[in-house]
Amino acid sequence: MSSLSAFGWALLASFCWGFAPLFEKIGLRGNADPAVGVLVRTTGVLVGAFSFFLFLPKLSERLSDLTLRNWIFLGLGGLIASVLGQLCFYRALKVGEVSRVVPIGASYPVLAFLMGVLFFQESITWPKVGGIVLVMAGVYLLR
């Protein structure tokens, strides 16, 4: 599986992220508080992460290759995306329609595009601009 291209891995990620909100919407029904939902979801993440550690060979060696800087920035990414972003997403999912909330919540490529250009000097191409325009049009239509 490691021979997949970036596009192939991105499609698999999209598949996973497309199904997950269905389970999460069901899990948020009734009196389920979105903040508690984030805590429960994070427990699932921890179980999965520790399973990788236990069953993948040489993962502990790869873990020791990380610098303090790696730990800080990866930890910040987790805090922002998996806690704060997930909490906002769950609050929207609790009261909104999956078919509207998920595409709007998934419009983060617009910001990621801008940050890539500003911080990593990534190129601005017509296909990228066209994709961003389409994402923004989709968010506008679903608002």
Side-chain angles (χ1 to χ4, degrees), residues 1-66 69-120 122-143:
M1 250 187 147
S2 62
S3 64
L4 280 178
S5 67
F7 182 77
W9 283 112
L11 281 178
L12 283 176
S14 177
F15 183 80
C16 293
W17 290 333
F19 271 98
L22 302 175
F23 297 109
E24 294 166 334
K25 177 75 174 176
I26 294 167
L28 289 168
R29 286 184 176 161
N31 292 331
D33 181 87
V36 174
V38 171
L39 179 65
V40 172
R41 180 184 191 273
T42 303
T43 302
V45 172
L46 283 172
V47 168
F50 281 118
S51 296
F52 279 135
F53 185 76
L54 292 173
F55 298 110
L56 289 180
K58 300 185 181 180
L59 188 62
S60 60
E61 288 177 24
R62 294 184 216 157
L63 198 58
S64 66
D65 289 340
L66 296 179
R69 179 185 168 103
N70 296 132
W71 279 92
I72 290 170
F73 281 99
L74 291 170
L76 283 172
L79 175 66
I80 293 167
S82 297
V83 177
L84 299 177
Q86 199 68 39
L87 179 60
C88 295
F89 177 71
Y90 275 9
R91 291 204 181 276
L93 198 58
K94 174 98 174 155
V95 297
E97 299 173 354
V98 172
S99 58
R100 294 179 88 163
V101 168
V102 173
I104 293 168
S107 66
Y108 62 87
V110 174
L111 184 60
F113 167 77
L114 293 172
M115 296 299 108
V117 169
L118 291 173
F119 290 101
F120 301 115
E122 294 180 359
S123 63
I124 300 173
T125 64
W126 286 112
K128 289 179 186 178
V129 170
I132 295 303
V133 168
L134 290 172
V135 169
M136 292 169 49
V139 169
Y140 176 78
L141 291 172
L142 290 171
R143 76 183 194 304

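This structure is a prediction, so every number in the text was calculated from the model and none was measured.
Annotation for Ala35 and Arg91: closest pair CB-NH2, 4.3 Å, computed over non-hydrogen atoms. Lys94 approaches Ala32 most closely through the heavy-atom pair NZ-O, 2.9 Å. The minimum heavy-atom distance linking Val38 with Thr42 is given by the pair O-OG1, 2.7 Å. Closest approach of Trp71 and Leu66 over heavy atoms only: NE1-CB, 3.5 Å.
Residues satisfying the side chain to side chain donor-acceptor pair (under 3.5 Å) criterion with Asp33, sequence neighbours excluded, are absent altogether. Here Phe15 pairs with Phe19 under the ring pair (Phe, Tyr, Trp, His ring centres under 6.0 Å) rule; sequence neighbours left out. Arg41 pairs by the salt bridge (Lys or Arg N to Asp or Glu O under 4.0 Å) definition with Glu24, not counting sequence neighbours.
One distance of note links CG of Leu39 with CD of Gln86; it measures 12.5 Å at 0.5 Å rounding. Atom CG of Leu11 sits about 11.0 Å away from atom SG of Cys16, to the nearest 0.5 Å. The distance from the CZ atom of Phe113 to the CG atom of Leu118 is 9.5 Å, given to the nearest 0.5 Å. Distance check: Glu122 CD to Ile124 CD1 gives 10.5 Å after rounding to the nearest 0.5 Å. In this structure, Phe23 CZ and Leu28 CG are separated by 13.5 Å, a value rounded to the nearest 0.5 Å. With values rounded to the nearest 0.5 angstrom, Ile72 atom CD1 is found 13.0 Å from Leu79 atom CG.
For residues 106-115, there are no salt bridge (charged side-chain N to carboxylate O under 4.0 Å, His left out) pairs, not counting sequence neighbours.
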N/O donor to acceptor pairs below 3.5 angstrom from side-chain atoms of residues 98-111, sequence neighbours left out:
from   : atom 1 : to     : atom 2 : distance (Å)
Arg100 : NE     : Leu142 : O      : 3.0
Arg100 : NH2    : Leu142 : O      : 2.8
Arg100 : NH2    : Arg143 : O      : 2.5
Ser107 : OG     : Ile104 : O      : 2.7

Can you list, pair by pair, the side-chain donor-acceptor contacts under 3.5 Å of residues 125-136, counting residues two or more places apart and other chains?
from   : atom 1 : to     : atom 2 : distance (Å)
Thr125 : OG1    : Lys128 : N      : 3.3
Lys128 : NZ     : Ser123 : O      : 2.8
Lys128 : NZ     : Ser123 : OG     : 3.4

